[in-house]
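Everything below concerns the one structure shown next.
Along the sequence shown, residues are numbered consecutively beginning with 1. These numbers come from the heavy atoms of this one structure, side chains and all, not from hydrogens, waters or symmetry mates.
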Amino acid sequence: MKVRIFPDLESLSLAAANLFVEKAKSSIESTGQFAVALAGGNTPKELYRLLASSPYRGQVDWARVQFFFGDERWVPRSDPASNEGMARENLLNLIPAKPENIHPMYTGGSVEDACASYEAKLKQIAPSGLDFTMLGMGDDGHTASLFPGISELQEEQLWVVPTQSPKGVPQRISLTFPALEKSQLILFLVAGADKHANLELALSRQPQSWPPSGVLAHRAKNVHWFLDPLAAGSTIAPSS
Ligand code: 6PG
């Protein structure tokens, strides 16, 4: 688990863009594709805008990228709460991605049916797991739409499940621990003082105190935490 602390969100996002491009190139070179899961929320917006602009836009063979989502609020992409809508506005509409390689979670039908079809598609395109998963962390320590205390934290078979959020849009759809932990690389982007308390718990050596983001980070194989000074506070140090 690698922890890096950046002076601000801009430098954090620049480092994330460089890591994304590096991994995209190596994955496309070795397998012909780069299967990513995009994060929702606000933190990744600056990263997405960087990737959609020079020089990064010209450094990725976007037609070879398979775009998945880590989770979604169960609303149409036109809704301001939609993670897909945010990703399209800040990245997907601004790069030459193949429309058929963008895999939205929201379908408008039943969320249970959507979970089953999303899982089938993910297993078809990335059977051994995603190449690059971007995630944020809520101030309660949730990641994707895996919230503290929900029963879906115990799911060990399904890759995609419906969940309920205690805040905002209640109906969610989310990748699960078994799906997320298979990723070749997980990049957590965490900024803001409100994240510090649960970030400390997530990085602690006490498994019983880990919030969902911490549980995933300790299950996954290659985890990078990119933090700003407010999230890191005075108690979290860089580590490699
Ligand atoms: C979501 C995200 C969620 C997000 C965190 C952090 O759908 O809300 O997937 O897990 O990453 O809530 O959100 P911010 O980046 O806005 O702080």
Side-chain angles (χ1 to χ4, degrees), residues 35-45 47-48 67-88 90 92 102-123 126 129-130 132-183 186-192 194-195 198-199 201-202 210-220 223 225:
V36 307
L38 297 178
N42 296 307
T43 306
K45 283 181 183 171
L47 166 57
Y48 295 166
F67 290 98
F68 292 91
F69 292 84
D71 71 316
E72 186 55 278
R73 295 82 178 270
W74 200 248
V75 290
R77 68 178 185 219
S78 57
D79 187 302
S82 168
N83 288 336
E84 178 197 349
M86 183 275 282
R88 285 186 182 275
N90 291 285
L92 301 175
I102 297 172
H103 308 296
M105 286 181 141
Y106 178 78
T107 60
S110 104
V111 63
E112 289 75 15
D113 292 347
C115 288
S117 54
Y118 209 78
E119 176 161 335
K121 188 178 292 183
L122 183 54
K123 286 183 171 176
L130 290 156
F132 194 99
T133 296
M134 299 177 199
L135 289 167
M137 191 192 81
D139 59 5
D140 61 353
H142 81 260
T143 194
S145 282
L146 300 172
F147 299 96
I150 67 172
S151 60
E152 291 77 11
L153 300 179
Q154 314 312 318
E155 177 58 54
E156 291 299 342
Q157 302 305 317
L158 297 174
W159 282 21
V160 191
V161 293
T163 70
Q164 290 293 314
S165 170
K167 281 193 275 185
V169 175
Q171 185 63 67
R172 304 294 183 96
I173 174 172
S174 182
L175 299 189
T176 59
F177 287 147
L180 291 164
E181 70 179 2
K182 287 180 175 57
S183 190
I186 290 181
L187 174 60
F188 283 101
L189 306 170
V190 186
D194 60 332
K195 312 291 176 79
N198 267 289
L199 187 58
L201 294 176
W210 291 336
S213 54
V215 171
L216 174 62
H218 288 86
R219 288 178 58 148
V223 177
W225 291 88

(message) Restricting to salt bridge (Lys or Arg N to Asp or Glu O under 4.0 Å), what partner residues turn up for Arg77, sequence neighbours left out?
(response) Glu84
(request) List in chain and number order the residues that pass salt bridge (Lys or Arg N to Asp or Glu O under 4.0 Å) with Lys121, two or more places apart in sequence or in another chain; answer none if no residue qualifies. (result) none
Would you find a donor on one side and an acceptor on the other, under 3.5 Å apart, between the side chain of [X] and the backbone of [Y]?
X      : Y      : answer
Thr143 : Gly136 : yes
Tyr118 : Phe69  : yes
Asn83  : Gly41  : yes
Asn198 : Gly138 : no
Glu72  : Ser174 : no

Qualifying residues under side chain to side chain donor-acceptor pair (under 3.5 Å), relative to [X], sequence neighbours excluded:
X      : result
Glu181 : Arg219
Asn42  : Lys45
Arg172 : Ser145, Ser165
Thr133 : Ser183

Are the side chains of [Y] and [X] in contact, using a 4.5 Å heavy-atom criterion?
X      : Y      : value
Leu158 : Glu119 : yes
Leu175 : Leu130 : yes
Phe188 : Leu216 : yes

Taking all atoms of both residues into account, what is the closest heavy-atom pair of [X] and [Y], and its distance?
X      : Y      : result
Gln171 : Thr163 : NE2-O, 3.3 Å
His218 : Ala202 : CE1-O, 3.0 Å
Pro76  : Ser82  : O-CB, 3.4 Å

(message) Evaluate Val215 against Leu146 for side chain to side chain contact (heavy atoms under 4.5 Å, CB included), listing each step before the verdict.
(response) CA-CA 11 Å; Val215 171; Leu146 300 172; over 6 Å; no
